[in-house]
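Per chain, numbering begins at 1; letters A, B, ... match sequence-line order. Scope of the values below: all heavy atoms of this structure, side chains included, with no hydrogens, waters or symmetry mates.
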Amino acid sequence: MKSNRPVNLDLSTIKFPLSALASITHRISGVILFVGLIFMFWAFDVSLSSPAGFDSVKTTLQDNFLAKFVLWGMLTALGYHCLAGVKHIIMDFDIGVNLENGHTMSQVVFILAAVLAVLAGVWVW
Amino acid sequence: MLQVSVYRYNPETDKKPYMQDFEIDTKGKDIMVLDVLHLIKEKDNGMSYRRSCREGVCGSDGLNMNGKNGLACITPVSDVVKNNKLIIRPLPGLPVIRDLVVDMSLFYKQYERIKPFLINDTPEPAIERLQTPEDREKLDGLYECILCACCSTACPSFWWNPDKFVGPSGLLQAYRFLIDSRDTATKERLAELDDPFSVFRCHGIMNCVAVCPKGLNPTRAIGNIRGMLLNNAT
């Protein structure tokens with residue numbers, strides 16, 4: 001028996017339904033939150049260290065584009081992650097577990113997350 | 001002329017798989033993808049693929065056609081072809097033996113694991129074990145599975161953990177026996193599945209539902225097994 005057989009697993013050749021894209025985005029947003037929280041905790045720590053530290057974090061978040069962008073990215077990822085989580089809870093209650101509803105729920109999650117992203121942008125800038 | 005690109009691999013002559021292009025004359029008819037493969041075989045008789053009943057009953061010719069898994073024999077070219085281009089690849093994630101023929105051992109191993117037969121330790125009745133029409137109805141949408149492997153090979157959780165995650169097909173069958181009123185091994189069956197991998201690697205992405213040629217819903221069956229596991233634990 002040949003053991004070094006090839007495997008057809010080139011992801012670019014495979015079509016994924018919207019519900020699959022919603023799931024991988026859920027995973028990606030989780031990773032973004034995990035990494036981003038390191039910076040958030042660091043900023044939180046600096047802001048609590050002294051009045052001067054608090055002021056420096058405050059001005060950075062008011063003036064620095066990169067800091068604002070990171071904050072917006074975190075809020076957007078958080079919004080998507082929560083919405084996708086709620087979708088999971090709904091499915092766990094055996095509601096809408098079929099292809100049509102899975103598609104619709106994924107669409108709703110993406111649209112609501114986009115709305116939250118815009119709102120987060122308005123709030124940050 | 002239909003442009004067809006087929007995944008080729010001959011273990012005796014090829015180091016690596018490659019895509020081979022063919023021009024196929026469908027004579028203006030909307031034929032099935034399996035018919036296209038027959039026409040390719042007429043041009044190159046070394047072309048290898050599995051087929052048997054050619055009417056969607058045996059489940060031999062599960063393939064990836066233009067990115068989507070399905071049975072070649074019941075998939076009309078018009079269903080998958082865009083811009084006159086048809087790309088045929090073997091089922092993803094399983095080792096390729098030759099061309100479109102994959103080694104399904106891992107898939108069958110997971111099927112074997114869920115004990116796909118009735119277990120009943122009560123004395124055998126004289127004629128047969130009866131079931132009410134209501135109990136029989138619970139098997140609808142489960143017993144129809146033909147084990148073509150289209151779903152499990154469309155499932156990323158199965159790609160990454162084919163040895164530990166039972167996969168949509170196996171779990172659909174697991175639920176078929178869990179819910180059968182004539183089976184008395186429910187507790188033992190659930191105990192076999194009660195770990196982080198067997199059932200819980202499913203993240204409900206519904207690739208399985210999207211590709212099933214029989215229109216079955218493994219995601220829902222998996223959700224039901226989770227519910228049973230939860231009730232069993234309390």
Legend entry - From OG1 (A/Thr13) to OH (B/Tyr7), nearest 0.5 Å: 9.5 Å
Inset, instruction - Would you indicate whether A/Phe41, at its atom CZ, is surrounded by more than 12 heavy atoms from other residues, nucleotides or ligands within a distance under 6.0 Å? - result: no
Legend entry - Distance, nearest 0.5 Å, that separates CZ of A/Arg27 from CD1 of B/Ile205: 10.0 Å
Legend entry - Polar side-chain atom of A/Asn8 near backbone of B/Pro90 as donor-acceptor pair, under 3.5 Å: yes
Legend entry - Which portion of B/Arg226 sits near chain A, non-hydrogen atoms under 4.5 angstrom: side chain
Inset, instruction - Give a yes or no on whether A/Trp125 atom CH2 has more than 12 heavy-atom contacts from other residues, nucleotides or ligands under 6.0 Å away. - result: yes
Legend entry - Heavy-atom neighbours of A/Trp42 CH2 exceed 12 at 6.0 Å: no
Legend entry - Pairs where residues 52-77 of chain A contributes a residue and the test salt bridge (Lys or Arg N to Asp or Glu O under 4.0 Å) is met, not counting sequence neighbours: none
Inset, instruction - Assess whether atom NZ of B/Lys43 is packed by more than 12 heavy atoms of other residues, nucleotides or ligands within 6.0 Å. - result: yes
Inset, instruction - Using a cut-off of 6.0 Å, state whether more than 12 heavy atoms not belonging to B/Phe197 lie near its atom CZ. - result: yes
Inset, instruction - Find the distance between CZ (B/Arg220) and CG (A/Leu99) and round it off to the nearest 0.5 Å. - result: 14.0 Å
Legend entry - CG on B/Asp103 to CZ on A/Arg5, rounded to 0.5 Å: 5.0 Å
Legend entry - Contact class of B/Asn224 relative to chain A, heavy atoms under 4.5 angstrom: side chain
Legend entry - Donor-acceptor pair, side chain of B/Asn217 and main chain of A/Val97, under 3.5 angstrom: yes
Legend entry - Contacting region of A/Leu11 [heavy-atom separation from chain B under 4.5 Å]: side chain
Legend entry - Gap between atom CZ of B/Arg89 and atom CD1 of A/Ile14 - 0.5 Å precision: 7.5 Å
Inset, instruction - Please indicate whether A/Gln62 has more than 12 foreign heavy atoms, meaning atoms of other residues, nucleotides or ligands, lying under 6.0 Å from its CD. - result: yes
Legend entry - Heavy atoms of other groups near B/Lys41 NZ, more than 12 under 6.0 Å: yes
Legend entry - Atom of A/Pro17, atom of B/Asn207 and distance for their closest heavy-atom approach: CD-OD1, 3.0 Å
Inset, instruction - Check whether any side-chain heavy atom of A/Met91 sits under 4.5 Å from a side-chain heavy atom of B/Thr219, and report yes or no. - result: yes
Legend entry - Which portion of A/His88 sits near chain B, non-hydrogen atoms under 4.5 angstrom: side chain
Inset, instruction - Can you sort out the partners of B/Asp30 under salt bridge (charged side-chain N to carboxylate O under 4.0 Å, His left out), two or more places apart, ordered by chain and number? - result: none
Inset, instruction - Starting at CG of A/Leu9, measure out to CG of B/Leu94 and round the result to the nearest 0.5 Å. - result: 9.5 Å
Legend entry - Which portion of B/Leu91 sits near chain A, non-hydrogen atoms under 4.5 angstrom: backbone
Inset, instruction - Check each atom of A/Asn98 against the heavy atoms of chain B and say whether the ones under 4.5 Å are side chain, backbone, both or neither. - result: both
Legend entry - Residue, of B/Arg98, B/Lys16, B/His203, that accumulates the most heavy atom pairs under 4.5 Å with chain A: B/His203
